[in-house]
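Counting convention: from 1, in listed order, for ligands and their atoms alike. All residue numbers in this chain count up from 1 along the given sequence.
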Amino acid sequence: MRHVMSPLDFSVEELGQILDLASDIEANPQKYAHACAGRKLATLFYEPSTRTRLSFEAAMLNLGGSVLGFSSADSSSAAKGESVSDTIRVISCYADIAAMRHPKEGAPLVASMKSGIPVINAGDGGHQHPTQTMTDLLTIRSLKGRLDNITVGICGDLKFGRTVHSLIEAMVRYPNVRFVLISPEELRIPDYVRDDVLRKNNQDFKEVTRLEDALPELDILYMTRVQKERFFNEEDYVRMKDFYILDKQKLTLAKPDMMVLHPLPRVNEISVEIDDDPRAAYFRQAQYGVYVRMALILTLLEVKVC
Ligand code: CP
């Protein structure tokens with residue numbers, strides 16, 4: 001039995017196989033329509049979510065399986081003080097696989113140690129969000145045709161944005177990837193990402209503040225929102241929240257084939273006026289999230305479809 005806590009739980013080769021499977025699902029959805037008949041997915045969400053929870057549920061339903069779960073800690077026995085370890089032991093009696101989101105870093109890992117079923121980390125605090133990263137990789141590979149030889153700009157809250165940390169960890173494993181890390185001084189990437197991931201891998205990266213300076217050299221611009229829920233005081237959040245706003249004028253500085261990604265939800269950091277620009281790929285990215293989660297469920301449940 002295998003759990004997924006980080007994108008690094010898979011080798012590059014295994015990730016490639018999951019992305020290949022996701023692309024086959026996209027091309028031939030009917031082939032997979034009954035692959036998980038009789039199987040159940042539990043979504044255990046202790047923190048709000050739209051895309052991750054509902055795309056997991058859509059993924060299992062598309063595979064012919066069923067879903068159960070809760071969408072907030074308040075509506076589960078966590079409100080009475082139940083631990084994640086006890087909860088997963090019980091859920092293991094009800095479901096075949098679980099996706100867990102939790103505000104505490106490491107909570108899905110703790111759950112996985114007592115679980116009788118595969119546990120997928122659906123986002124733990126400011127730490128990791130592996131299935132968002134798999135979505136991002138599938139989106140980049142599908143739209144750009146490659147995951148190597150690429151310059152990726154990541155802009156916004158690089159300190160608290162767990163999707164950023166997971167994406168960097170995953171992409172340093174592909175050849176000739178350059179990162180341009182665009183953030184205010186206060187929201188730079190954590191030291192452990194800079195030292196243990198980027199420097200340790202001799203990665204080509206630079207840290208800048210102005211989005212306009214970075215835009216012309218990028219193949220991908222990965223925008224992120226400022227993570228309000230992880231700030232200790234409202235004043236700092238208000239000061240930071242509109243630091244970057246990608247609009248039509250700024251987009252004129254970008255390459256004609258640069259793609260704009262965003263894990264969503266967005267707040268103000270991408271103006272709606274660019275939603276119809278062919279480079280705006282964030283809603284297509286949300287669709288890729290369903291295919292990749294279907295592929296992940298099949299992989300973890302060891303379901304083969306011929
Ligand atoms: N991208 C993402 O994790 O979105 P949700 O918070 O809506 O799940």
Report summary line: For Leu44, the hydrophobic cluster (side chain heavy atoms closer than 4.5 Å, chained through members) also holds Met5, Tyr46, Leu68, Phe70, Val84, Ile88, Val90, Ile91, Tyr94, Met100, Leu109, Val110, Met113, Ile117, Val119
Report task. Hey, could you give me the CZ/CG distance between Arg39 and Leu63, rounded to the nearest 0.5 Å? Result ->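 Spacing of CZ (Arg39) from CG (Leu63) equals 10.5 Å.
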Report task. Look only at the side chain of Asp157 and the backbone of Phe160, and say whether a donor-acceptor pair between them is shorter than 3.5 Å. Result ->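 Yes, Asp157 side chain to Phe160 backbone: donor-acceptor pair under 3.5 Å.
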Report task. Show the numbers, then the answer: is there a side chain to side chain donor-acceptor pair (under 3.5 Å) between Ser166 and Gln132? Result -> CA-CA 8 Å; Ser166 289; Gln132 180 63 50; over 6 Å; no
Query raised in the report: Do Asp86 and Lys114 sit within salt-bridge range, that is, some charged N less than 4.0 Å from a carboxylate O?
Result: no
Report task. Taking only heavy atoms of the protein into account, state which residues are under 4.0 angstrom from an atom of ligand 1, in chain and number order. Result -> Ser49, Thr50, Arg51, Thr52, Arg101, His129, Gln132, Pro263, Leu264
Query raised in the report: Does Phe45 have Arg101 sitting over its ring (NZ/CZ under 6.0 Å from centre, angle to axis within 45°)?
Result: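 Output no; distance or angle outside limits.
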